[in-house]
Amino acid sequence: MHYTEIMVRYGELSTKGKNRQDFIRQLGRNVRAVLHQFPAVKVHAQRDRLHVSLNGEDDKRVIKALQGVFGIETLYPSIRVEKDMATIKKTALEMATEQYHDGDTFKINTRRQDKHFEYHTNQINNMLGDYVLEGVPGITVDVKHPDIAIRVEIRMNGAFLSSETIHGAGGLPVGTGGRATMMLSGGIDSPVATYLAMKRGVKIDMIHFYSPPYTSEQALNKAKQLTSVLAQYSGNIQFIQVPFTEIQETIKEKVPEGYLMTIQRRMMLRIAAQITESRHCGGVFTGEALGQVASQTLESMRAINDVTTMPVLRPLVSMDKTEIIKISKDIATYDLSILPYEDCCTIFTPPAPKTRPNLERSRQFEGYIDVEGLMKKAIDHIQITDIKPGEDFLNQDVDAFAELL
(Lines give C-alpha, C1' and ligand atoms only; values in the text may rest on other atoms or scores of the structure.)
Protein backbone atom coordinates (compact mmCIF):
# COMPACT_ATOMS: atom_id res chain seq x y z
CA MET A 1 0.00 0.00 0.00
CA HIS A 2 1.45 3.36 -1.02
CA TYR A 3 0.77 6.30 1.26
CA THR A 4 0.18 9.88 0.17
CA GLU A 5 0.74 11.68 3.49
CA ILE A 6 2.33 11.11 6.89
CA MET A 7 0.73 12.65 9.94
CA VAL A 8 3.16 13.35 12.77
CA ARG A 9 2.13 13.60 16.40
CA TYR A 10 4.39 15.53 18.73
CA GLY A 11 6.11 14.04 21.74
CA GLU A 12 7.36 15.88 24.80
CA LEU A 13 7.07 19.28 23.12
CA SER A 14 3.27 18.97 23.24
CA THR A 15 3.51 19.64 27.01
CA LYS A 16 5.16 23.02 26.45
CA GLY A 17 3.20 26.16 27.28
CA LYS A 18 3.60 29.62 25.82
CA ASN A 19 6.73 28.70 23.83
CA ARG A 20 5.15 25.61 22.28
CA GLN A 21 4.86 27.32 18.90
CA ASP A 22 8.62 27.97 18.89
CA PHE A 23 9.25 24.24 19.44
CA ILE A 24 6.85 23.35 16.61
CA ARG A 25 8.48 25.81 14.20
CA GLN A 26 11.91 24.34 15.03
CA LEU A 27 10.63 20.81 14.48
CA GLY A 28 9.26 21.89 11.09
CA ARG A 29 12.66 23.30 10.12
CA ASN A 30 14.39 20.09 11.25
CA VAL A 31 11.99 17.88 9.31
CA ARG A 32 12.48 19.94 6.15
CA ALA A 33 16.26 19.72 6.55
CA VAL A 34 16.21 15.94 7.09
CA LEU A 35 13.93 15.47 4.06
CA HIS A 36 16.05 17.67 1.78
CA GLN A 37 16.74 14.66 -0.46
CA PHE A 38 13.00 14.40 -1.26
CA PRO A 39 12.33 17.59 -3.25
CA ALA A 40 8.62 16.95 -3.87
CA VAL A 41 7.77 16.57 -0.17
CA LYS A 42 5.86 19.42 1.51
CA VAL A 43 5.88 19.91 5.29
CA HIS A 44 3.11 21.71 7.17
CA ALA A 45 3.75 22.19 10.90
CA GLN A 46 0.49 22.95 12.76
CA ARG A 47 -0.30 23.41 16.43
CA ASP A 48 -1.61 19.91 17.11
CA ARG A 49 0.27 17.91 14.49
CA LEU A 50 2.62 18.06 11.53
CA HIS A 51 1.67 16.88 8.03
CA VAL A 52 4.13 15.60 5.43
CA SER A 53 2.67 15.47 1.91
CA LEU A 54 4.63 12.91 -0.12
CA ASN A 55 3.60 14.03 -3.61
CA GLY A 56 4.81 10.77 -5.10
CA GLU A 57 8.03 10.36 -3.07
CA ASP A 58 8.99 6.93 -1.69
CA ASP A 59 6.88 6.57 1.49
CA LYS A 60 9.16 3.95 3.11
CA ARG A 61 12.29 6.06 2.72
CA VAL A 62 10.56 9.18 4.03
CA ILE A 63 9.18 7.28 7.04
CA LYS A 64 12.65 5.92 7.85
CA ALA A 65 14.10 9.45 7.72
CA LEU A 66 11.34 10.84 9.95
CA GLN A 67 11.87 8.14 12.57
CA GLY A 68 15.21 9.73 13.40
CA VAL A 69 13.90 13.25 14.03
CA PHE A 70 13.78 14.21 17.69
CA GLY A 71 10.47 15.72 18.81
CA ILE A 72 8.35 13.15 16.94
CA GLU A 73 6.44 10.69 19.11
CA THR A 74 4.46 8.76 16.48
CA LEU A 75 3.93 8.65 12.72
CA TYR A 76 0.66 7.79 11.01
CA PRO A 77 1.11 7.09 7.28
CA SER A 78 -2.12 8.04 5.52
CA ILE A 79 -3.85 7.73 2.17
CA ARG A 80 -5.79 10.67 0.78
CA VAL A 81 -8.91 9.83 -1.21
CA GLU A 82 -11.91 11.77 -2.47
CA LYS A 83 -14.75 12.43 -0.01
CA ASP A 84 -16.86 9.68 -1.51
CA MET A 85 -18.16 6.89 0.73
CA ALA A 86 -17.65 4.19 -1.89
CA THR A 87 -13.96 5.14 -2.24
CA ILE A 88 -13.50 5.48 1.52
CA LYS A 89 -15.06 2.03 2.07
CA LYS A 90 -12.82 0.42 -0.52
CA THR A 91 -9.66 1.95 1.00
CA ALA A 92 -10.63 0.95 4.56
CA LEU A 93 -11.22 -2.62 3.40
CA GLU A 94 -7.84 -2.74 1.64
CA MET A 95 -6.12 -1.56 4.83
CA ALA A 96 -7.88 -4.12 7.01
CA THR A 97 -7.23 -6.94 4.53
CA GLU A 98 -3.54 -6.11 4.22
CA GLN A 99 -2.96 -6.18 7.98
CA TYR A 100 -5.35 -8.95 9.04
CA HIS A 101 -4.11 -12.14 10.69
CA ASP A 102 -6.32 -14.95 11.97
CA GLY A 103 -8.22 -13.87 15.07
CA ASP A 104 -7.45 -10.13 14.76
CA THR A 105 -9.92 -7.51 15.91
CA PHE A 106 -10.49 -3.99 14.57
CA LYS A 107 -12.18 -0.67 15.13
CA ILE A 108 -12.98 2.41 13.06
CA ASN A 109 -12.27 5.83 14.55
CA THR A 110 -13.54 8.83 12.57
CA ARG A 111 -12.92 12.56 12.99
CA ARG A 112 -14.91 14.99 10.86
CA GLN A 113 -13.35 18.40 10.28
CA ASP A 114 -15.69 19.06 7.36
CA LYS A 115 -19.05 19.45 9.13
CA HIS A 116 -20.82 19.69 5.77
CA PHE A 117 -19.92 16.13 4.83
CA GLU A 118 -23.12 14.17 4.25
CA TYR A 119 -22.54 11.62 7.05
CA HIS A 120 -21.73 12.33 10.67
CA THR A 121 -19.04 10.54 12.68
CA ASN A 122 -21.08 7.64 14.09
CA GLN A 123 -22.66 6.95 10.72
CA ILE A 124 -19.22 6.75 9.10
CA ASN A 125 -17.95 4.42 11.85
CA ASN A 126 -20.95 2.11 11.43
CA MET A 127 -20.88 2.08 7.62
CA LEU A 128 -17.17 1.34 7.41
CA GLY A 129 -17.32 -1.19 10.25
CA ASP A 130 -20.09 -3.14 8.53
CA TYR A 131 -18.21 -3.06 5.23
CA VAL A 132 -15.00 -4.43 6.78
CA LEU A 133 -16.91 -7.14 8.70
CA GLU A 134 -18.48 -8.30 5.46
CA GLY A 135 -15.25 -8.11 3.47
CA VAL A 136 -12.78 -9.77 5.86
CA PRO A 137 -13.91 -13.25 6.99
CA GLY A 138 -13.12 -13.95 10.65
CA ILE A 139 -12.43 -10.39 11.75
CA THR A 140 -14.31 -9.07 14.80
CA VAL A 141 -14.83 -5.70 16.46
CA ASP A 142 -13.01 -4.59 19.62
CA VAL A 143 -13.40 -0.89 20.37
CA LYS A 144 -11.08 -0.89 23.43
CA HIS A 145 -8.03 -2.92 22.43
CA PRO A 146 -8.18 -3.60 18.69
CA ASP A 147 -5.37 -5.25 16.74
CA ILE A 148 -6.15 -3.03 13.76
CA ALA A 149 -7.24 0.59 14.30
CA ILE A 150 -8.36 2.37 11.14
CA ARG A 151 -8.45 6.13 11.56
CA VAL A 152 -10.52 8.23 9.19
CA GLU A 153 -10.32 12.02 8.97
CA ILE A 154 -12.81 13.93 6.86
CA ARG A 155 -11.00 17.20 6.12
CA MET A 156 -11.82 20.09 3.85
CA ASN A 157 -9.38 18.85 1.19
CA GLY A 158 -10.29 15.15 1.21
CA ALA A 159 -10.65 12.00 3.29
CA PHE A 160 -7.52 10.61 4.96
CA LEU A 161 -7.24 7.01 6.19
CA SER A 162 -4.46 5.50 8.29
CA SER A 163 -4.01 2.28 10.21
CA GLU A 164 -0.31 2.01 11.07
CA THR A 165 1.30 3.57 14.13
CA ILE A 166 5.07 3.97 13.84
CA HIS A 167 7.11 5.13 16.81
CA GLY A 168 9.47 8.09 16.41
CA ALA A 169 12.59 9.13 18.30
CA GLY A 170 10.82 11.18 21.00
CA GLY A 171 12.81 13.84 22.83
CA LEU A 172 12.87 17.52 21.91
CA PRO A 173 13.51 19.12 18.51
CA VAL A 174 17.20 19.78 17.98
CA GLY A 175 17.79 23.52 18.38
CA THR A 176 15.31 24.11 21.18
CA GLY A 177 17.85 23.26 23.91
CA GLY A 178 20.50 25.75 22.87
CA ARG A 179 23.74 25.16 20.99
CA ALA A 180 26.92 23.43 22.10
CA THR A 181 30.01 21.74 20.71
CA MET A 182 31.01 18.09 20.90
CA MET A 183 34.60 16.87 21.11
CA LEU A 184 34.25 14.04 18.59
CA SER A 185 36.87 11.32 18.42
CA GLY A 186 36.46 8.34 16.12
CA GLY A 187 35.46 5.93 18.87
CA ILE A 188 32.23 4.47 20.19
CA ASP A 189 31.48 6.92 23.00
CA SER A 190 31.38 10.44 21.56
CA PRO A 191 28.80 9.66 18.83
CA VAL A 192 26.51 8.21 21.51
CA ALA A 193 27.03 11.30 23.67
CA THR A 194 26.15 13.43 20.62
CA TYR A 195 22.94 11.47 20.12
CA LEU A 196 21.91 11.92 23.76
CA ALA A 197 22.69 15.65 23.67
CA MET A 198 20.61 16.13 20.53
CA LYS A 199 17.75 14.16 22.05
CA ARG A 200 17.46 16.91 24.66
CA GLY A 201 17.17 19.51 21.90
CA VAL A 202 20.80 20.67 21.78
CA LYS A 203 22.15 21.77 18.40
CA ILE A 204 25.66 20.30 18.13
CA ASP A 205 28.75 21.54 16.29
CA MET A 206 31.44 18.84 16.05
CA ILE A 207 35.06 19.55 16.99
CA HIS A 208 37.50 16.93 15.73
CA PHE A 209 41.26 17.01 16.37
CA TYR A 210 43.44 15.40 13.73
CA SER A 211 47.21 14.90 13.58
CA PRO A 212 48.57 14.15 10.14
CA PRO A 213 50.73 12.25 9.31
CA TYR A 214 50.17 10.28 12.52
CA THR A 215 46.47 10.01 11.74
CA SER A 216 45.30 9.13 8.24
CA GLU A 217 42.87 10.81 5.86
CA GLN A 218 40.68 7.74 6.38
CA ALA A 219 40.50 8.50 10.11
CA LEU A 220 39.34 12.04 9.34
CA ASN A 221 36.76 10.77 6.86
CA LYS A 222 35.56 8.22 9.40
CA ALA A 223 34.77 11.09 11.82
CA LYS A 224 32.94 12.92 9.04
CA GLN A 225 30.99 9.78 8.19
CA LEU A 226 29.93 9.42 11.84
CA THR A 227 28.79 13.05 11.69
CA SER A 228 26.74 12.34 8.57
CA VAL A 229 24.98 9.46 10.35
CA LEU A 230 24.22 11.69 13.35
CA ALA A 231 23.01 14.51 11.09
CA GLN A 232 19.85 12.51 10.40
CA TYR A 233 18.62 13.68 13.81
CA SER A 234 19.05 17.40 13.10
CA GLY A 235 19.33 17.93 9.34
CA ASN A 236 22.93 19.14 9.27
CA ILE A 237 25.98 19.45 11.53
CA GLN A 238 28.95 21.81 11.31
CA PHE A 239 32.17 19.75 11.42
CA ILE A 240 35.20 21.67 12.69
CA GLN A 241 38.56 19.96 12.12
CA VAL A 242 41.42 21.23 14.26
CA PRO A 243 45.08 20.51 13.33
CA PHE A 244 46.77 19.09 16.40
CA THR A 245 50.09 17.66 15.16
CA GLU A 246 52.39 20.45 16.34
CA ILE A 247 50.76 20.55 19.75
CA GLN A 248 51.16 16.81 20.26
CA GLU A 249 54.77 16.82 19.06
CA THR A 250 55.62 19.72 21.39
CA ILE A 251 53.96 18.04 24.39
CA LYS A 252 55.77 14.77 23.58
CA GLU A 253 59.08 16.62 23.55
CA LYS A 254 58.70 18.80 26.64
CA VAL A 255 56.28 17.19 29.11
CA PRO A 256 57.08 14.24 31.43
CA GLU A 257 55.72 10.99 30.00
CA GLY A 258 53.16 10.29 32.73
CA TYR A 259 51.47 13.65 32.07
CA LEU A 260 51.38 13.51 28.26
CA MET A 261 47.72 12.50 28.19
CA THR A 262 46.67 15.05 30.79
CA ILE A 263 48.36 17.99 29.04
CA GLN A 264 47.04 16.89 25.63
CA ARG A 265 43.50 16.79 27.00
CA ARG A 266 43.95 20.16 28.69
CA MET A 267 45.03 21.66 25.37
CA MET A 268 42.12 20.03 23.54
CA LEU A 269 39.64 21.43 26.04
CA ARG A 270 41.25 24.89 25.96
CA ILE A 271 40.88 24.98 22.17
CA ALA A 272 37.38 23.51 22.23
CA ALA A 273 36.26 26.07 24.82
CA GLN A 274 37.65 28.97 22.77
CA ILE A 275 35.96 27.71 19.59
CA THR A 276 32.73 27.16 21.54
CA GLU A 277 32.74 30.70 22.87
CA SER A 278 33.57 32.19 19.46
CA ARG A 279 30.57 30.38 17.95
CA HIS A 280 28.25 31.66 20.72
CA CYS A 281 27.61 28.14 22.02
CA GLY A 282 26.74 27.40 25.64
CA GLY A 283 28.92 24.42 26.54
CA VAL A 284 31.23 21.58 25.49
CA PHE A 285 30.02 17.96 25.39
CA THR A 286 32.39 15.00 25.62
CA GLY A 287 32.01 11.23 25.41
CA GLU A 288 33.73 10.59 28.73
CA ALA A 289 32.43 7.86 31.06
CA LEU A 290 33.74 7.77 34.61
CA GLY A 291 36.59 5.28 35.14
CA GLN A 292 36.65 3.97 31.57
CA VAL A 293 40.23 5.04 30.74
CA ALA A 294 43.08 6.82 32.50
CA SER A 295 41.91 10.31 31.52
CA GLN A 296 38.40 9.68 32.84
CA THR A 297 38.96 9.37 36.56
CA LEU A 298 37.62 12.10 38.83
CA GLU A 299 41.17 13.35 39.42
CA SER A 300 41.88 13.50 35.68
CA MET A 301 38.61 15.26 34.96
CA ARG A 302 39.41 17.85 37.62
CA ALA A 303 42.90 18.44 36.22
CA ILE A 304 41.55 18.78 32.66
CA ASN A 305 38.48 20.92 33.53
CA ASP A 306 40.80 23.36 35.29
CA VAL A 307 41.52 25.15 31.99
CA THR A 308 38.02 26.58 31.45
CA THR A 309 34.93 27.88 33.18
CA MET A 310 32.83 26.77 30.20
CA PRO A 311 30.30 24.04 31.18
CA VAL A 312 31.70 20.61 30.25
CA LEU A 313 28.84 18.16 29.83
CA ARG A 314 29.23 14.36 29.94
CA PRO A 315 26.01 12.47 29.10
CA LEU A 316 27.73 9.08 29.47
CA VAL A 317 29.43 9.75 32.78
CA SER A 318 27.59 7.04 34.77
CA MET A 319 27.02 4.53 31.94
CA ASP A 320 28.97 1.32 31.48
CA LYS A 321 30.45 0.21 28.16
CA THR A 322 27.75 -2.38 27.49
CA GLU A 323 25.02 0.29 27.69
CA ILE A 324 26.99 2.62 25.43
CA ILE A 325 27.62 -0.09 22.83
CA LYS A 326 23.93 -0.99 22.77
CA ILE A 327 22.95 2.59 21.95
CA SER A 328 25.70 2.88 19.33
CA LYS A 329 24.31 -0.19 17.57
CA ASP A 330 20.77 1.17 17.78
CA ILE A 331 21.81 4.46 16.14
CA ALA A 332 24.02 2.77 13.50
CA THR A 333 27.34 4.31 14.57
CA TYR A 334 28.94 1.19 16.06
CA ASP A 335 30.21 -0.40 12.82
CA LEU A 336 31.80 2.90 11.81
CA SER A 337 33.30 3.52 15.26
CA ILE A 338 35.19 0.22 15.27
CA LEU A 339 36.83 0.75 11.88
CA PRO A 340 40.61 0.49 12.52
CA TYR A 341 41.64 4.09 11.90
CA GLU A 342 43.41 5.69 14.83
CA ASP A 343 42.47 9.15 16.04
CA CYS A 344 44.82 11.57 17.71
CA CYS A 345 43.67 10.51 21.18
CA THR A 346 45.36 7.13 20.72
CA ILE A 347 48.73 8.25 19.35
CA PHE A 348 51.62 9.21 21.66
CA THR A 349 49.82 7.35 24.45
CA PRO A 350 52.33 6.67 27.24
CA PRO A 351 52.59 3.10 28.58
CA ALA A 352 51.66 4.28 32.09
CA PRO A 353 49.62 7.51 32.03
CA LYS A 354 48.76 9.15 35.31
CA THR A 355 45.31 8.06 36.43
CA ARG A 356 45.36 10.55 39.32
CA PRO A 357 47.27 13.53 38.01
CA ASN A 358 48.16 16.26 40.46
CA LEU A 359 46.51 19.56 39.55
CA GLU A 360 49.47 21.75 40.48
CA ARG A 361 51.90 19.56 38.54
CA SER A 362 49.57 19.61 35.56
CA ARG A 363 49.68 23.41 35.60
CA GLN A 364 53.47 23.34 36.05
CA PHE A 365 54.11 20.95 33.15
CA GLU A 366 51.74 22.84 30.88
CA GLY A 367 53.95 25.87 31.50
CA TYR A 368 56.73 24.08 29.60
CA ILE A 369 54.93 24.75 26.29
CA ASP A 370 53.74 27.93 24.54
CA VAL A 371 50.05 27.45 25.26
CA GLU A 372 48.75 30.64 23.66
CA GLY A 373 50.97 30.43 20.59
CA LEU A 374 50.13 26.80 19.87
CA MET A 375 46.43 27.43 20.39
CA LYS A 376 46.44 30.38 18.00
CA LYS A 377 48.16 28.37 15.26
CA ALA A 378 45.66 25.54 15.59
CA ILE A 379 42.58 27.77 15.67
CA ASP A 380 43.83 29.88 12.75
CA HIS A 381 43.94 26.75 10.59
CA ILE A 382 40.64 25.08 11.45
CA GLN A 383 38.48 23.91 8.56
CA ILE A 384 34.67 23.83 8.72
CA THR A 385 32.46 21.48 6.69
CA ASP A 386 28.66 21.55 6.67
CA ILE A 387 27.64 17.88 6.77
CA LYS A 388 24.19 16.61 5.83
CA PRO A 389 22.53 13.21 6.32
CA GLY A 390 23.43 10.52 3.81
CA GLU A 391 26.71 12.02 2.62
CA ASP A 392 29.42 9.46 1.88
CA PHE A 393 32.94 10.28 3.04
CA LEU A 394 34.36 6.76 2.99
CA ASN A 395 33.36 6.22 -0.65
CA GLN A 396 32.47 2.60 -0.09
CA ASP A 397 30.36 0.37 2.05
CA VAL A 398 31.35 -0.19 5.66
CA ASP A 399 31.19 -3.92 4.95
CA ALA A 400 34.15 -3.55 2.65
CA PHE A 401 36.33 -2.84 5.66
CA ALA A 402 35.33 -5.97 7.57
CA GLU A 403 38.46 -7.81 6.47
CA LEU A 404 40.55 -5.14 8.22
CA LEU A 405 39.01 -5.79 11.63
Side-chain angles (χ1 to χ4, degrees), residues 180-186 190 205-217 219-220 223 238-288 293-297 299-314 342-385:
T181 58
M182 166 63 68
M183 294 174 65
L184 177 76
S185 68
S190 52
D205 296 340
M206 296 296 197
I207 298 177
H208 178 73
F209 295 88
Y210 74 112
S211 297
Y214 304 105
T215 59
S216 67
E217 191 71 17
L220 177 62
Q238 296 271 293
F239 182 91
I240 307 161
Q241 57 193 70
V242 183
F244 203 60
T245 307
E246 184 177 357
I247 294 174
Q248 286 195 288
E249 289 177 336
T250 304
I251 292 171
K252 171 73 173 175
E253 178 186 347
K254 296 187 176 181
V255 171
E257 187 176 77
Y259 277 80
L260 290 180
M261 184 63 70
T262 303
I263 304 307
Q264 283 183 32
R265 294 300 177 93
R266 281 170 66 94
M267 285 297 289
M268 284 180 172
L269 185 56
R270 280 183 186 276
I271 292 169
Q274 187 164 320
I275 292 172
T276 302
E277 187 169 355
S278 70
R279 294 175 69 84
H280 308 289
C281 297
V284 180
F285 279 83
T286 79
E288 294 168 301
V293 295
S295 65
Q296 296 177 21
T297 63
E299 292 85 354
S300 285
M301 290 180 183
R302 181 180 179 225
I304 295 165
N305 274 31
D306 174 60
V307 303
T308 183
T309 57
M310 179 76 66
V312 180
L313 305 159
R314 301 176 171 91
E342 288 191 329
D343 57 59
C344 68
C345 296
T346 56
I347 64 174
F348 298 148
T349 302
K354 288 285 185 182
T355 58
R356 297 179 178 179
N358 179 276
L359 178 57
E360 292 305 320
R361 287 185 179 177
S362 298
R363 292 170 176 170
Q364 175 190 341
F365 296 145
E366 192 177 65
Y368 295 173
I369 65 174
D370 178 11
V371 171
E372 296 300 323
L374 289 169
M375 283 180 60
K376 185 176 186 308
K377 282 186 185 179
I379 292 173
D380 284 349
H381 291 88
I382 64 174
Q383 295 180 47
I384 301 174
T385 307

Is the count of non-hydrogen atoms from other residues, nucleotides or ligands lying under 6.0 Å from [X] atom [atom1] greater than 12?
X: Arg361; atom1: CZ; answer: no
X: Glu277; atom1: CD; answer: no
X: Arg302; atom1: CZ; answer: no

Distance check, rounded to the nearest 0.5 Å: [X] atom [atom1] versus [Y] atom [atom2]?
X: Ile263; Y: Gln364; atom1: CD1; atom2: CD; answer: 10.0 Å
X: Lys254; Y: Asp370; atom1: NZ; atom2: CG; answer: 8.0 Å
X: Phe209; Y: Ile240; atom1: CZ; atom2: CD1; answer: 9.5 Å
X: Thr215; Y: Phe244; atom1: OG1; atom2: CZ; answer: 11.0 Å
X: Glu257; Y: Lys354; atom1: CD; atom2: NZ; answer: 11.0 Å
X: Thr250; Y: Leu374; atom1: OG1; atom2: CG; answer: 5.0 Å

Using side chain to side chain contact (heavy atoms under 4.5 Å, CB included) as the criterion, point out the one residue from Thr245, Leu220, Val242 that pairs with Ser211.
Thr245
Tell me which one of Val312, Ile304, Asn305 satisfies side chain to side chain contact (heavy atoms under 4.5 Å, CB included) with Thr308.
Val312
Arg266/Arg363 under side chain to side chain contact (heavy atoms under 4.5 Å, CB included): CA gap, chis, key distance, verdict:
CA-CA 10 Å; Arg266 281 170 66 94; Arg363 292 170 176 170; 3.8 Å; yes
So, for [X] and [Y], which heavy atoms are closest and what is the spacing to 0.1 Å?
X: His208; Y: Phe239; answer: CB-CZ, 3.5 Å
X: Pro243; Y: His381; answer: CD-O, 3.6 Å
X: Thr286; Y: Glu288; answer: OG1-OE1, 2.8 Å
X: Leu269; Y: Val284; answer: CD1-CG1, 4.3 Å
X: Ala180; Y: Gly283; answer: CB-O, 3.2 Å
X: Gln383; Y: Tyr210; answer: NE2-OH, 3.8 Å

Within the structure provided, determine whether [X] and [Y] are in side-chain contact (heavy-atom separation under 4.5 Å).
X: Ile369; Y: Met267; answer: yes
X: Val307; Y: Val371; answer: no
X: Arg314; Y: Met301; answer: yes

Verdict with reasoning, Glu372 to Lys376, per side chain to side chain contact (heavy atoms under 4.5 Å, CB included)
CA-CA 6 Å; Glu372 296 300 323; Lys376 185 176 186 308; over 6 Å; no
Does any donor atom in the side chain of Thr181 or Thr276 lie under 3.5 Å from an acceptor atom in the other side chain?
yes
Ignoring hydrogens and geometry, is there a side-chain-to-backbone donor-acceptor pair from Thr297 to Thr355 under 3.5 Å?
yes
Lys252/Glu249 ion pair, N-O < 4.0 Å
no
Decide side chain to side chain contact (heavy atoms under 4.5 Å, CB included) for Ile247 and Ile271; before the verdict, give the C-alpha distance in whole Å, the side-chain angles of both, and the deciding distance to 0.1 Å.
CA-CA 11 Å; Ile247 294 174; Ile271 292 169; 3.6 Å; yes
Would Ile251 and Tyr259 count as a side chain to side chain contact (heavy atoms under 4.5 Å, CB included) here? Give the steps.
CA-CA 9 Å; Ile251 292 171; Tyr259 277 80; over 6 Å; no
Tell me every residue that passes side chain to side chain donor-acceptor pair (under 3.5 Å) with Arg279, counting only those two or more places apart in sequence or in another chain.
Asp205, Gln238
